[in-house]
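By convention in this document, chain letters (A, B, ...) are assigned in the order of the sequence lines, proteins followed by strands, and residues within each chain are numbered from 1. Since this is a predicted model, take the numbers as computed values, not measurements.
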Number of protein chains: 2
Amino acid sequence: MTTLDDLLAPKSVAIVGASDNPERIGGRPIQKFQNLGYEGHIYPVNPNRDVVQGIQAYPTLSDISGEVDFVLVAVPAKGVLDVVREAATKKAKTVMIFSSGFSEMSEAGRRAQDELTRISRDSGVRIIGPNCFGVFNAAINFYPTFSSTIGHHIPTPGGLAIISQSGGYGAQLFVLAHQRGLKMTYWITTGNECDVNVAEGIKLLAENDAVQTILAYAESIKDGEMLVEGLEVARAAHKPVIFMKAGSSEIGAAAVSSHTASLAGEDVIYDAVLKQYGAYRPRATEEAIEVAYAAAPRIFPVGKRIGLASISGGAGVLMADAATDYDLNVAEMPADAQTEMKKLLPFASARNPVDITAQVVNDMTLVTGFTKLMLNQGKYDALVGFWASAGVVPELGSAICKALAKAMEGQDNKLFIQSLVAGPEMRKQFEEAGFPCIEDPYKAVATMAALISCGMAFAAGRPAIPDIPNLPALPEGPLGEKAAKKILADFGLPLATDTLATSSAEAAAAAERIGGPVAMKIASPDILHKTDVGGVKLGITGGDNVSTTYDEIIASSKAAVPNAKIEGVLISAMAADGVDCILGAKVDPVFGPVVMFGLGGVFTEILKDVSFRRAPVSPETALGMIDELKGAALLKGARGAEPCDLDSICDAISKLSVMAVAHSDNIESIEMNPLRALPEGCIGLDALIVKRT
Amino acid sequence: MTTLDDLLAPKSVAIVGASDNPERIGGRPIQKFQNLGYEGHIYPVNPNRDVVQGIQAYPTLSDISGEVDFVLVAVPAKGVLDVVREAATKKAKTVMIFSSGFSEMSEAGRRAQDELTRISRDSGVRIIGPNCFGVFNAAINFYPTFSSTIGHHIPTPGGLAIISQSGGYGAQLFVLAHQRGLKMTYWITTGNECDVNVAEGIKLLAENDAVQTILAYAESIKDGEMLVEGLEVARAAHKPVIFMKAGSSEIGAAAVSSHTASLAGEDVIYDAVLKQYGAYRPRATEEAIEVAYAAAPRIFPVGKRIGLASISGGAGVLMADAATDYDLNVAEMPADAQTEMKKLLPFASARNPVDITAQVVNDMTLVTGFTKLMLNQGKYDALVGFWASAGVVPELGSAICKALAKAMEGQDNKLFIQSLVAGPEMRKQFEEAGFPCIEDPYKAVATMAALISCGMAFAAGRPAIPDIPNLPALPEGPLGEKAAKKILADFGLPLATDTLATSSAEAAAAAERIGGPVAMKIASPDILHKTDVGGVKLGITGGDNVSTTYDEIIASSKAAVPNAKIEGVLISAMAADGVDCILGAKVDPVFGPVVMFGLGGVFTEILKDVSFRRAPVSPETALGMIDELKGAALLKGARGAEPCDLDSICDAISKLSVMAVAHSDNIESIEMNPLRALPEGCIGLDALIVKRT
């Protein structure tokens, strides 16, 4: 098993394509090794020079007599394969390839890259790149990167780690994090990912004790299973993974495909899976940096009750707005604590947001008194305070910081973010007292919401998942509605029962047995969209009507799909009124089987109000899928209706997800549409199973 | 008519409650006047001292022999009224009151504040405050404020103006804007607004030539009409109004009421009105500051086609995602321009986002070549470029700036925001070349979207509004459905016709005349929610059924509302299938009559998918209301349905809005629910008019 040290803590490094010019790509790392104090052996490889930047050089890797742990390749693409083979022979642990000209460039490049993958698999040498910007390990001053930004800024070793597919963007993340005062030991760019990829990188970082927070950037994930594993390692260790996933938009996804020559996968699935496994997905870079910053105290609140303190009523209102936007609970202070506050300052607002007013300038004990009451009586999961621009007046800022620290005594497991304008010195004072400082009060609350989502994901832990049984093989050939319903029903899913009528007389007889109005649907494994061919008639009453309708359905289906194998018409009782849902599963190219649930009609088709999870899921996880729907209220008894039986829906979601996994080699997609939710139970009125071809 | 100069450019100022101690509220402004170079006369007023901070003092305002333009009041609340009366007698133009203890404190305080309002109205003296932090006019070094922040930071005069109800938050806005390098001449806090309020302040700022951008903060607006006027003055002058409106959430709005003792008004209406009159509403402070910053070049793009250039494919993807989030159009480059780009650099992405790649480091002419093609051939309304952390390497940053400036030659009316990490010096270089610099590429695009929305609002100009006719008086007493329908139909709105049956026999006869199934509804001015009392039956066929149903409706309505005046039952033909909408109007306490349109059922009740405008509106404005609905697709022929007749809906919205204004003294609300939208026309199936009481 590879560890982070195997990749990033070499005792020796060879630079193939070493340049004497420290401005060139093959020269920069050597300059950095020497200037920044890397203490391992440095072996420049250059057939044309004996000495490179003052260090003895070697014509080839094989000419180096000592061991070489890490081989950095900075030669043109056409020479790369040979160098990597040589490195494998030399038993290097890691090869890192700056060179571009592989899958991002051409079909020939893609083939060469596949060959790199093969060499890695066969020999065991791990490869970073090609087409990457490099990596660093600040703990040992190891900076094999040609980024000019790194060197202009030298990181302070610490708990943040950055891993990025994109080199340019990875460098940007580094600079912004560094400027925000974040300490980081590891920085990795993975480029084209012929071997080491972002998913594995996250796992290796999560396993490393020096890493506390992981900031990742990717456009696509090569190994969904590995990502899930990495995220679970991070969750178990309570290390937030802040995951920037680019390509949320159609045009963004198209750009990903064009510039990485890889399938981006569906963004909604990424989004769901990242949430499912406890990662936090920011939209913007600054948001990512801010969450990483506020994660530094390693306190992750496990609840949404938020206390808001301010010296400006206006800011209190803005923070309450922000809390509502982020679905936090601005719970009221207990009545007796409010009375105590009013005793301290009659014209304060004591409810929450708590407004201590500008009066604090005259009496700093108010800060301690009020925030102490919020901490001890308010029982908030997390607090945010607003102190305006007090931080720019040094004596004022320091006094507030001390007053807050006093209130926090014995509460140092509580996260209290402070929103104030302050210079670096003042900020440092607050940070050392354990308070992250975020200027914008709205952003302070938004960042707290992110940390709360991390905390709740950590507390929830790895979700229990159902066992996957061995299921009997599917029947041969395409599956019609009746067959699909039987397969699902046999596995315990709730399906409407129906009778296959093969003549108009049989149809009438079936309808009579059922009594009341019936639903009639064409039965054919070759017709998937039955409504479109006039193959569905609902609420038919009376024997004659049923007979006529039978003939109409057969005729219009035959007319629409001339070669379809027609088995007859399915007759079933009309289901009771309820809320129509859609329940489905499909195989995602990145993450494998995923289960999908939504409300029917406009919710699915117009509002895209659908939730996904990687399968299999427990009924408990399924409940989360329902809750996140915008239209969830419809299932819970909105508009005076009786609430639907959520337990039965959760059970169906879970069962379907299990089945999708059990049959993932054979089934491409399953759909129960509509799944009608009722006050007691739910029932699939139609079913569709599409096999893999 | 008051001008900004009348308020903020006094030739003389008196400070009542002047203190010799520059740390006290009555001392700070005097220190600032002297230290920062205010050149007008300064008259400290203090009955106990002859000299205050080295300046001759006077026992009372009346003892000052010269004219006093501006009177600053810093005495306890109980003395304020007398001082203000004296100031009015002394013919001061402006009185500004720091003192608190008015409407924010108690009922007695509110009464005292009302008296201040009366003095202002009667004498013509303008009053700022009470309970305010002060104002400044940096052009004449006039800083009558006790904010300690202002003084620590001295503004550079320039085009930004800040106006804020909240003093603490206003000071915060000042500091953040100042730190972002924004130049501003005017800063106003309005406090309790007994006279001058944020709405009028916006108008005065918009009318002032020195002001280019207005950054406003308010929790509630006292004069909706004045705000609309101010926004239209600003729009006509192409001055963006960046309006932070706090209290978007229920809990935020409750906090506003508790700390300002005023009704906050409905946030959705504020939101709609701000958009309608061209203001930009940010959520977070940083967003507000960023938009103000990027507005400095005064270029406001009038279209959503955005060109995205980058040296990192990843950042290009993130920018495309951001553009999609903000509903911008990442239009593809023309094919021939793409070919030209590929000639410049074969492995570039030429589509849009355009990826010039890190190759620019080796060849800066690529920057000029690519961005020139985007400017000249791409015909984008606006551009954003991403240059990673190039700005931290001075020679690289400068080279990129020069290369971009070269491409811009002859295009200096185009806004090109640059996203890069850079120190203050480098940023200044870019800004002087006309490029706003925003580190985060996502935020750069979001900010551009804000400027585009300003540009489009400026270009659209003041919307045409229909004339308001004199309408005949309404009938006396409450109005039943039949009366409401008649009033609306008489004004030209489309309503279903119906027959009032006063017996079961009349009902059956009416149904027979209509033919086909009918709708039957209880007719009573006292029953507003007919469905709830069993007063509505739909699709009734056959004379006997109609008779029976008549009796049932009468019986259940009587049972539910025993004293209701029952007129009979309305019989109408069942309307054709269509999309049910809701169209209504009501009187908002801040902005007067507003019109509302939404889709019926779950869209209105669960998703709150409803749009508002201040009435009256033209059919063109009404179309904007439809377009902004999440479910708008349903009206446009989603799911294979025939598109609805939008013209007829727009016409109905406009007509209803006109009627609401014409009757705004008498009508509290009007509702057509459902208004059924059809492929041809639309028709109100029910109507309700509630009179003002």
Practice item. With rounding to the nearest 0.5 Å, note down the distance linking OG in S166(A) to CG in L318(B). Key: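 Reported value, rounded in 0.5 Å steps: 8.5 Å.
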Check your understanding: Rounded to the nearest 0.5 Å, what separation is found between the OH atom of Y169(A) and the OG atom of S389(B)?
Key ->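 The distance works out to 11.0 Å.
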Check your understanding: What pairs with H153(B) under ring-ring contact (aromatic ring centres under 6.0 Å, His included), at least two apart in sequence or on another chain?
Key ->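 Applying ring-ring contact (aromatic ring centres under 6.0 Å, His included) to H153(B) gives H178(B).
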Check your understanding: By ring-ring contact (aromatic ring centres under 6.0 Å, His included), which residues pair with F146(A), not counting sequence neighbours?
Key ->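 ring-ring contact (aromatic ring centres under 6.0 Å, His included) list for F146(A), sorted by chain: F98(A), F133(A).
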Which one, [options], leads in non-hydrogen pairs under 4.5 Å with chain A?
options	result
M244(B), E332(B), E439(B), K630(B)	E439(B)
L308(B), L396(B), D440(B)	D440(B)
T357(B), V602(B), I311(B), D609(B)	V602(B)
T324(B), V421(B), V175(B)	V421(B)

Heavy-atom pair of closest approach, residues [X] and [Y]:
X	Y	value
V393(B)	S148(A)	CG2-OG, 3.8 Å
S249(B)	D321(A)	OG-OD1, 2.7 Å
G631(A)	I606(B)	CA-CG2, 4.3 Å
V317(A)	G247(B)	CG1-N, 3.2 Å

[X] portion near chain A, given a 4.5 angstrom heavy-atom threshold:
X	answer
L176(B)	side chain
F386(B)	side chain
D325(B)	side chain

Point to revise | Steps toward side-chain contact (heavy atoms from CB on, under 4.5 Å) verdict (Q179(A), V392(B)) | key: CA-CA 11 Å; Q179(A) 289 187 343; V392(B) 303; 4.3 Å; yes
[X] vs [Y] side-chain heavy atoms within contact, under 4.5 Å:
X	Y	result
P394(A)	H152(B)	yes
I251(B)	N352(A)	no
P441(A)	Q172(B)	yes

Check your understanding: Is atom CZ of R305(A) surrounded by more than 12 heavy atoms (other residues, nucleotides or ligands) closer than 6.0 Å?
Key ->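 Yes.
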Practice item. Using a cut-off of under 4.5 Å on heavy-atom pairs, state which of E605(A), E250(A), R283(A) scores highest against chain B. Key: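 Most pairs with chain B among the choices: R283(A).
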Point to revise | Which of G167(A), G168(A), S106(A), S248(A) touches chain B most, by non-hydrogen pairs under 4.5 Å | key: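 Sorted descending by pairs with chain B, the first entry is S248(A).
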Check your understanding: For F603(A), is it the side chain, the backbone, both, or neither that has a heavy atom closer than 4.5 Å to a heavy atom of chain B?
Key ->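 Side chain of F603(A) only, per the 4.5 Å heavy-atom cut-off to chain B.
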Exercise for review: Decide side-chain contact (heavy atoms from CB on, under 4.5 Å) for L607(B) and L607(A); before the verdict, give the C-alpha distance in whole Å, the side-chain angles of both, and the deciding distance to 0.1 Å.
Suggested key: CA-CA 10 Å; L607(B) 302 168; L607(A) 302 169; 3.2 Å; yes
